[in-house]
Amino acid sequence: MSASELKNDLFLRALAREPVSRTPVWMMRQAGRYLPEYRASREHAGSFMDLCRNADLACEVTLQPLARYPLDAAILFSDILTIPDAMGLGLYFEAGEGPRFRKTVRTAEDVANLPVPDAETDLDYVMRAVSTIRSALNGSVPLIGFSGSPWTLATYMVEGGSSKDFRHLKAMIYDQPEIAHQLLDKLARAVTDYLNAQIRHGAQAVQIFDTWGGALSAEAYQAFSLRYMKQIVDGLVREHDGRKVPVILFTKNGGLWLESMADSGCDALGLDWTINIGEARRRVGHKVALQGNMDPAVLYASPETIRAEVKRIITDFGDYPGHVFNLGHGITPQVDPEHARVFIEAVHEFGSR
């Protein structure tokens, strides 16, 4: 089945700002720890990265939320840190501490020694997962591929893992900006190759996750984050399998910079929950579609509250094309799966045209 024969193409049509019969919906981290079936698959795999590296298991967990809920897209199950891992930094996961790297990148020599991985060979397990998932979906809904942004990947590579203040990387951008630019350019080239390979293997849309761009000043965001996402957008395959391949940029806490993000050449902007979606739409006009933007914490509230918040966001967006409903960040592990169902069914109800 070709891309043009999708049984449900609401997601792709909304990203193209075409009229749709109802607002499409998916959730960031929809395949994740809030689902008991995911936890069982993860235990069976042995570790998180073993789950990512096994195409059949990655496919299994990608499809789990679609078996439960009437979602309008699947997203590849993987991790944003696959590229730095393929660069030889030694990714591992510390219980309760999140991802860590055995090596850090802090000097000009460190950056010069970093290889740019070849997505087809060094990240072949991701491509096998994309192909397997796309085949298993059999045209039911589109498949989203993704990567971390160069800035976000750099935060983990320079700090050695998660960070609250990004002190090593921020010191680098202010004291040795040329080293930071060399690192970010290398990452932008790697991400471009990685996303293009995902598109070749069957991803029908791609999202760039700039999780930590919002930690930058306005000037530094333009120079060290958005510049490199634009470089990626410029280098992407934008049509494949007879259909346009849309690109979504998502900068958490990026509401200050929507206009410049919309000028990047992307098709859609992901919004976190810190901005009103109607205001965001007025600011960017009809240049891009918008994706978002319910606070994931609303899913801890009562079903009535969840429904009211969904209705408010849809009403605030207004009767315009170009809205993909999503959370403003990933669904959290403690959410009751039935509350996720209430959320999705409310989008179906209130988002019907």
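Note that the structure is predicted; figures quoted are calculated from it, not measured.
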State whether a side-chain donor-acceptor pair under 3.5 Å links [X] with [Y].
| X | Y | result |
| --- | --- | --- |
| Q222 | S260 | yes |
| T152 | T155 | no |
| Q64 | S41 | yes |
| Q207 | Q291 | yes |

Is [X] linked to [Y] within one hydrophobic cluster, defined over Ile, Leu, Val, Met, Phe, Trp and Tyr using a side-chain heavy-atom separation of less than 4.5 Å?
| X | Y | result |
| --- | --- | --- |
| M157 | Y92 | no |
| W273 | I313 | no |
| L71 | V20 | no |

Side chain proximity check, [X] to [Y], heavy atoms < 4.5 angstrom:
| X | Y | value |
| --- | --- | --- |
| Y221 | M261 | yes |
| D295 | E309 | no |
| L114 | V105 | yes |
| S225 | L216 | yes |
| V324 | L290 | no |
| D193 | V116 | no |
| Y34 | P65 | yes |
| N326 | N293 | no |

Charged N to carboxylate O below 4.0 Å: is that the case for [X] and [Y]?
| X | Y | value |
| --- | --- | --- |
| K244 | D267 | yes |
| R282 | E279 | no |
| R42 | D50 | no |
| R200 | E120 | yes |
| E345 | R307 | no |
| K230 | D234 | yes |

Got a second to check how far [X]'s [atom1] is from [Y]'s [atom2], nearest 0.5 Å?
| X | Y | atom1 | atom2 | result |
| --- | --- | --- | --- | --- |
| S147 | L81 | OG | CG | 9.5 Å |
| R353 | T23 | CZ | OG1 | 4.0 Å |
| D336 | Q334 | CG | CD | 12.0 Å |
| L184 | S149 | CG | OG | 8.5 Å |
| I344 | H339 | CD1 | NE2 | 13.0 Å |
| I208 | L195 | CD1 | CG | 6.0 Å |

Mark yes or no for whether [X], through its side chain, and [Y], through its backbone, hold a donor-acceptor pair below 3.5 Å.
| X | Y | value |
| --- | --- | --- |
| T305 | A301 | no |
| R39 | R33 | yes |
| T82 | S78 | no |
| S163 | D165 | yes |
| R29 | M27 | no |
| D85 | L91 | yes |
| R283 | G255 | yes |
| R106 | V158 | yes |
| D272 | K252 | no |
| D72 | V25 | yes |

(message) Checking T132 now: which residues fulfil side chain to side chain donor-acceptor pair (under 3.5 Å) with it, not counting sequence neighbours?
(response)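 In terms of side chain to side chain donor-acceptor pair (under 3.5 Å), with neighbours along the sequence ignored, T132 is linked to no residue.
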
Which of these passes side chain to side chain contact (heavy atoms under 4.5 Å, CB included) with [X]: [options]?
| X | options | result |
| --- | --- | --- |
| Q204 | R134, Q198, R243, H240 | R134 |
| W151 | L187, L169, L183 | L169 |
| T251 | L258, D210, L226 | D210 |
| F77 | L57, L63, T62 | T62 |

(request) Please work out which of the three classes, parallel, tilted or perpendicular, describes the rings of F325 and H323, given edges at 30° and 60°. (result)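 Tilted: the ring planes of H323 and F325 meet at 30° to 60°.
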
(message) Students often mix this up, so state it plainly: with edges at 30° and 60°, are the rings of F224 and H181 parallel, tilted or perpendicular?
(response)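 Geometry flag for H181 against F224: parallel rings.
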
(request) Assess whether atom CD of E178 is packed by more than 12 heavy atoms of other residues, nucleotides or ligands within 6.0 Å. (result) yes

(message) Can you confirm whether more than 12 heavy atoms, excluding those of R167, are under 6.0 Å from its CZ atom?
(response)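 No, not enclosed.
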
If you compare all heavy atoms of [X] against all heavy atoms of [Y], which two are closest, and at what distance to 0.1 Å?
| X | Y | answer |
| --- | --- | --- |
| A220 | Y174 | CB-OH, 4.1 Å |
| P36 | P337 | CD-CG, 4.2 Å |
| G145 | L76 | CA-CB, 4.5 Å |
| P150 | Y228 | CG-CB, 3.9 Å |
| A86 | P117 | CB-CB, 3.8 Å |
| L35 | Q30 | CD1-O, 3.7 Å |

(message) I'd like to check the ring-ring contact (aromatic ring centres under 6.0 Å, His included) partners of F209; sequence neighbours left out, ordered by chain and number.
(response)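 Scan of F209 (ring-ring contact (aromatic ring centres under 6.0 Å, His included), adjacent residues dropped) gives F146.
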
(request) Kindly indicate whether a cation-pi arrangement holds for R281 with Y320, taking the cut-offs as under 6.0 Å to the six-membered ring centre and within 45° of the axis. (result)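 Relative to the ring axis of Y320, which defines the angle, R281 lies inside both limits.
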
(request) Please report the C-alpha distance between V347 and F343 in whole Å, then the side-chain angles of each, then the deciding distance to 0.1 Å, and finally whether the side-chain contact (heavy atoms from CB on, under 4.5 Å) criterion is met. (result) CA-CA 6 Å; V347 178; F343 158 66; 4.0 Å; yes

